[in-house]
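These notes are about the structure you will find just below.
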Amino acid sequence: MGKKIFSGVQPTGNLHLGNYLGAIKNFVELNNDKENDCIFCVVDLHAITVKQNPKELRNNIRETVATFVASGIDPKKSIIFNQSKITAHSEAAWILSCTARTGWLSRMTQFKEKAGKDKEKASVGLYSYPVLMAADILLYDSTHVPVGDDQKQHLELCRDIAQKFNNDYEVENFFKVPEPLIQKEFSRIMSLKDGLKKMSKSELSDLSRINLTDDADQIVNKIKKAKTDPLPMPDHKDELNQRPEAKNLIGIYSSLTDTKLENIINEFSGKNFSEFKEKLSQALVEKILPISKEINKLLSDEKFLDTILLDGYEKANKIASNKIKKIHEIMGF
Ligand code: AMP
Ligand code: TRP
């Protein structure tokens, strides 16, 4: 049976290789399977959990849509919309926040990381963020949620919320309990400057990530400057556990070219990193450059991008409004 796929990406600019290999590449494969119904949401309500400039946010929403389409998601086959347009998301988030327990939310590691030392200064939204994410998923009876490894804990919370709601209101199976779809290998792409840190939009140094809008020179330069250790390329897979930067670069190459890790290690063992880096740059340019060019082309046609969002809104709103109506009945509203 076909899957009901739902996933979201924040329109916070600088979509990067981690987003692509950890999530978007998977979205495209799911979109291409005729059996699946896919919804890809630009989660602008999640973006405002940290301060946003409205003008930049508007551009970033369009850029996220452009990235989806440029990467190969077909807006005729999959629903693409932005979260803020469908009020059911905020409403369901409130209702589900009365099901979620503060103890559950307090365990979320992403909040701890993002809030930093001064937790009292973090917005309430940043804290309750995973409840909104649960609302996104549960409104559409989603069965599978493709995400990067960093979202695993939020999905477990979503499952707990769904189960507790179904139990509390004695509505067996009302909210479908979704399965995460996380890449088996290299589900976490690390910074090019520190193999122990996640590649991230918010990292200050642009050299730490390959952006999906980078041109060939930028890609080559970033890989040239990527951190490695002083040893030659590894002879065996087991070495990688002690060599995070080597592991990350080889992982990127493996994921990008769908080549087995062992084959890459065999090909390059004992050689200098510079030789491998050349191959990696080549593979990146081949994959990223066409996407980058297409994003830029699409960005010049705002009307086209807005039509995709409007069309997606109409389709998604029907599903979400229907679910909200049923939620009202269950709650006694
Ligand atoms: P975000 O941009 O935070 O909304 O993330 C969008 C998607 O990209 C989510 O599914 C994340 O799990 C995934 N993602 C973000 N950063 C990385 C990374 N460094 N490695 C793998 N996946 C990532
Ligand atoms: N929290 C996710 C992230 O930062 C984005 C997101 C919001 C999401 N709602 C979602 C992902 C629903 C999957 C399903 O990456």
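This chain uses plain numbering: 1 for the first residue, then up along the sequence. Each ligand, and each atom within it, is numbered from 1 in the order the structure gives.
Summary of contacts: the protein heavy atom closest to atom 10 (C) of ligand 2 is Met133 CG, 3.5 Å. Nearest protein heavy-atom contact of atom 21 (C) of ligand 1 is Ser187 O, 3.1 Å. The closest protein non-hydrogen atom to atom 11 (C) of ligand 1 is Asp150 OD1, 3.4 Å. What sits closest to atom 6 (C) of ligand 2 on the protein, heavy atoms only, is Gly8 O, 3.8 Å. Here the heavy atom of the protein found nearest to atom 23 (C) of ligand 1 is Gly18 O, 3.4 Å. Distance from atom 4 (O) of ligand 2 to its nearest protein heavy atom, with residue and atom name: Tyr129 OH, 2.7 Å.
A distance-only check finds no donor-acceptor pair linking the side chain of Glu56 to the backbone of Gln52 [under 3.5 Å]. Of the possible donor and acceptor atoms, none in the side chain of Ser292 sits under 3.5 Å from a partner among the backbone N and O of Ile288.
Evaluated for a salt bridge (Lys or Arg N to Asp or Glu O under 4.0 Å) with Arg243, the options Asp238, Asp229, Asp235 yield exactly one hit, Asp229.
Annotation for ligand 2: atoms under 4.0 Å from non-hydrogen atoms of Gln10 are 4 (O). Taking every heavy atom of Phe6 and a limit of under 4.0 angstrom, the matching atoms of ligand 2 come to 12 (C), 14 (C). Residue contact check: Val147 has heavy atoms under 4.0 Å from atoms 10 (O) of ligand 1. Atoms of ligand 2 found under 4.0 Å from any heavy atom of Val145 (numbered from 1 in listed order, with element): 13 (C), 14 (C). Close approach of ligand 1 to Ala23 is summarised as follows: ligand atoms under 4.0 Å from at least one heavy atom of the residue are 7 (C), 8 (O), 10 (O). Near Asp136, the atoms of ligand 2 lying under 4.0 angstrom from a non-hydrogen atom of the residue are 7 (C), 9 (N), 10 (C). Close contacts between ligand 2 and Val147 involve ligand atoms 11 (C), 13 (C) [criterion: under 4.0 Å to a heavy atom]. Shown in contact with Gln151 at under 4.0 Å from a heavy atom are these atoms of ligand 1, numbered in order with element: 12 (O).
A parallel orientation is assigned to the rings of Phe6 and Tyr140, their planes being inclined by less than 30° (bins at 30° and 60°). Between Phe276 and Phe268, the two ring planes are perpendicular [angle over 60°; tilted spans 30° to 60°].
Taking 4.0 Å as the cut-off between side-chain N and carboxylate O, Glu203 and Lys193 do not count as a salt-bridged pair.
Of all the heavy atoms of Gln151, the ones lying under 4.0 Å from any atom of ligand 2 belong exclusively to the side chain. Contacts with ligand 2 closer than 4.0 Å are made by no heavy atom of Leu155, backbone or side chain. Contact annotation: for Ile137 versus ligand 2, heavy atoms closer than 4.0 Å belong to the side chain alone.
If you check the side chains of His328 and Glu91, you find a donor sitting under 3.5 Å from an acceptor. Side-chain atoms of Gln151 and His154 form a donor-acceptor pair, as typed in the model, at a separation below 3.5 Å. Counting only N and O atoms by type, the side chains of Arg62 and Asn60 include no donor and acceptor under 3.5 Å apart. With hydrogens and angles left out, the side-chain atoms of Gln153 and Thr109 include a donor and acceptor closer than 3.5 Å. A donor and an acceptor atom, one from each side chain of Asn31 and Asp74, are nowhere located under 3.5 Å apart. Side-chain contact, Tyr127 with Ser106: a donor N or O sits under 3.5 Å from an acceptor N or O. For the residue pair His89/Asp136, the side-chain donor-acceptor check at 3.5 Å is satisfied.
The heavy atom nearest to atom 5 (O) of ligand 1, out of those in Val9, Val145, Asn248, Asn19, is found in Asn19. Closest heavy-atom approach to atom 16 (N) of ligand 1 among the candidates Gln10, His16, Lys197: His16. Looking at Glu203, Lys201, Arg188, it is Lys201 that brings a heavy atom closest to atom 1 (P) of ligand 1.
Ligand 1 is never approached by Met190 to a heavy-atom distance shorter than 4.0 Å. Using 4.0 Å as the threshold, His46 has no heavy atom nearer than that to any atom of ligand 1.
Considering backbone and side-chain N/O atoms, Gln110 never comes within less than 3.5 Å of an N/O atom of ligand 2. Ligand 2 has no N or O atom lying under 3.5 Å from any N or O atom of His154, backbone or side chain.
The hydrophobic clustering, which links ILVMFWY residues whose side-chain heavy atoms are closer than 4.5 Å, places Met133 and Val42 apart.
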